[in-house]
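Since this is a predicted model, take the numbers as computed values, not measurements. Note that ligands are numbered from 1 as they come in the structure, with each ligand's atoms numbered from 1 the same way. Sequence positions, counted from 1, serve as the residue numbers for this chain.
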Amino acid sequence: MSTQPSAGSRILLGVGGGIAAYKSVELVRRLSEQGCEVQVVMTRAATAFVGPLTFQAVSGRPARVEMLDPGAEAGMGHIELARWADQILIAPATADLMARLAAGIADDLLTTLVLASPAPLAIAPAMNQQMWRHPATQDNLARLCARGVQVIGPGVGIQACGDEGPGRMLEPAEIAAALHPARPLDGARVLLTAGPTREPLDPVRYLGNRSSGRMGYALAEALTALGARVTLVSGPTALTPPPLEQVVQVETALQMHAEVIARAAACELFVATAAVADYRPVAPAETKIKKEHAALEIRLERNPDILAEVAAHRPAPFTVGFAAETERVEHYARGKLVDKGLDMIAANRVGGPRGGFEREENALTVLWSDGQRELPMMAKPRLARALAELIAERYLEHHAPSS
Ligand code: C5P
């Protein structure tokens, strides 16, 4: 596997105020050559070493410096910028910047973006060897490492100030190569349905179901963390969607069908977690149904099977379905895998004390044509991460050259 960020990665490069800032110009070039999009954000101190125009020239985007810059905010606001990034890399990271990052201080644009972004953070420290060795810096380093920050370098050698020891920023090529390996779904477009649907009976009533959408939303987030660009088509839920490429809110199965079919050709993976109503009222009443009669009959008609339709599309994306069963879980799930022509199906038991609906925890049996894996009972976000990794594994296997 490549050890370099893959083409298309969006890297927010933070430049701190140290003499090594001049090397970051070359770093932008290296990352761009690897196909990454680079947005430079400088601290004010950094501008004393290299002008923002230099970074603009090499990155093709104006370097951002000020937090409250109305012109820049009118383009991509700082929250959008925080969401835009797949990876934040700070090079050089000075002792002061490391201290502010460790303390969670957000007193300029760069440190604010770090707090506001879910993207992984890597830092390439650069400072005088005495400052690097100082217990305060070492404490900050330990805190950042404990939080999962990737620390690249520093190198050991002669420093700009004439000292010799640890604190030199690594060379741009070394930093570019040390960034986390490409994530398994980098750039893959995923279309994912989640939540229940509501089928109107009249203007105030509907047929619904108990799906909370939690598993689907957690899976959308977990797939995004693996590098996927996720479009979520969601039925009504009480959840706030995580930051995703696109979120489309729908109500009925027919609306979900239309939004999915319009996007199916443009995705590499389709994951159907939604609990789609199988039937809808034939003719929803235009006005509120009155309780005039002792009994009421409502005629229902079948909704389209969104998942089966996407799986039958040619070329079909890699399709992952869900099966909620009250009994013979594996048997029925394998039947659906075959009948709907899916690549993978995740089955869970519903009803009973260990059922998966409206719960914080769940367990899944995941099946594909020639294999299966058990994902035991765990909290839904963790289960979603385990399932996302399995989806990535099977998807990559599916696309592996067959030689
Ligand atoms: O056939 P069954 O409803 O049990 O299949 C469940 C799977 O099919 C789920 O992945 C669900 O999202 C999907 N489905 C769908 N459209 C429907 C019904 C189910 O996409 N109309």
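Summarising the geometry of Pro125 relative to Met98, their closest heavy-atom pair is CB-SD, 4.0 Å, with the distance given to 0.1 Å. The two residues Tyr279 and Leu300 make their nearest non-hydrogen contact at CB-CB, 3.7 Å.
Ligand 1 has Ala274 within reach: a non-hydrogen atom of the residue lies less than 4.0 Å from it.
Annotation: atom 17 (C) of ligand 1 to nearest protein heavy atom, Val276 CB, 3.5 Å. In terms of protein heavy-atom proximity, atom 21 (N) of ligand 1 is nearest to Pro304 O, 2.8 Å. Closest to atom 3 (O) of ligand 1 among all protein heavy atoms lies Asp278 OD1, 3.9 Å. Atom 9 (C) of ligand 1 has Phe322 O, 3.1 Å as its closest protein atom, hydrogens excluded (heavy atom only).
Any N or O atom pair closer than 3.5 Å counts here, and Lys340 shares at least one such pair with ligand 1. Considering backbone and side-chain N/O atoms, Ile306 comes within less than 3.5 Å of an N/O atom of ligand 1. Checked against a 3.5 angstrom limit, the closest N/O atoms of Lys336 and ligand 1 fall inside it. Geometrically, ligand 1 and Leu307 share a nitrogen or oxygen pair separated by less than 3.5 Å.
With a 6.0 Å cutoff to the six-membered ring centre and a 45° limit on the axis angle, Arg394 does not count as a cation-pi contact of Phe318.
Of the listed options Gly216, Ala272, Ala308, Ala253, Ala272 places a heavy atom closest to atom 10 (O) of ligand 1.
A salt bridge links Arg189 with Glu268: the closest approach of a Lys/Arg side-chain nitrogen to an acidic carboxylate oxygen falls below 4.0 angstrom.
Every atom of ligand 1 is numbered from 1 in the order shown, and the set under 4.0 Å from a heavy atom of Gly321 is 10 (O).
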Q: May I have the step-by-step check of side-chain hydrogen bond (donor to acceptor under 3.5 Å, both in side chains) for His257 and Glu309, ending in yes or no?
A: CA-CA 9 Å; His257 176 261; Glu309 207 172 308; 2.9 Å; yes
Q | Intermediate values then yes/no, side-chain hydrogen bond (donor to acceptor under 3.5 Å, both in side chains), Gln34 and Ser32 | A | CA-CA 5 Å; Gln34 291 173 7; Ser32 303; over 6 Å; no
Q.
Run the side-chain hydrogen bond (donor to acceptor under 3.5 Å, both in side chains) test on Ser234 and Tyr217 for me, step by step, so that the C-alpha distance in whole Å, both residues' side-chain angles and the decisive distance to 0.1 Å come before the verdict.
A. CA-CA 9 Å; Ser234 176; Tyr217 278 52; 2.6 Å; yes
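No side-chain donor-acceptor contact under 3.5 Å links Glu221 to the backbone of Ala218.
Neither the backbone nor the side chain of His257 comes within 4.0 Å of ligand 1, counting heavy atoms alone.
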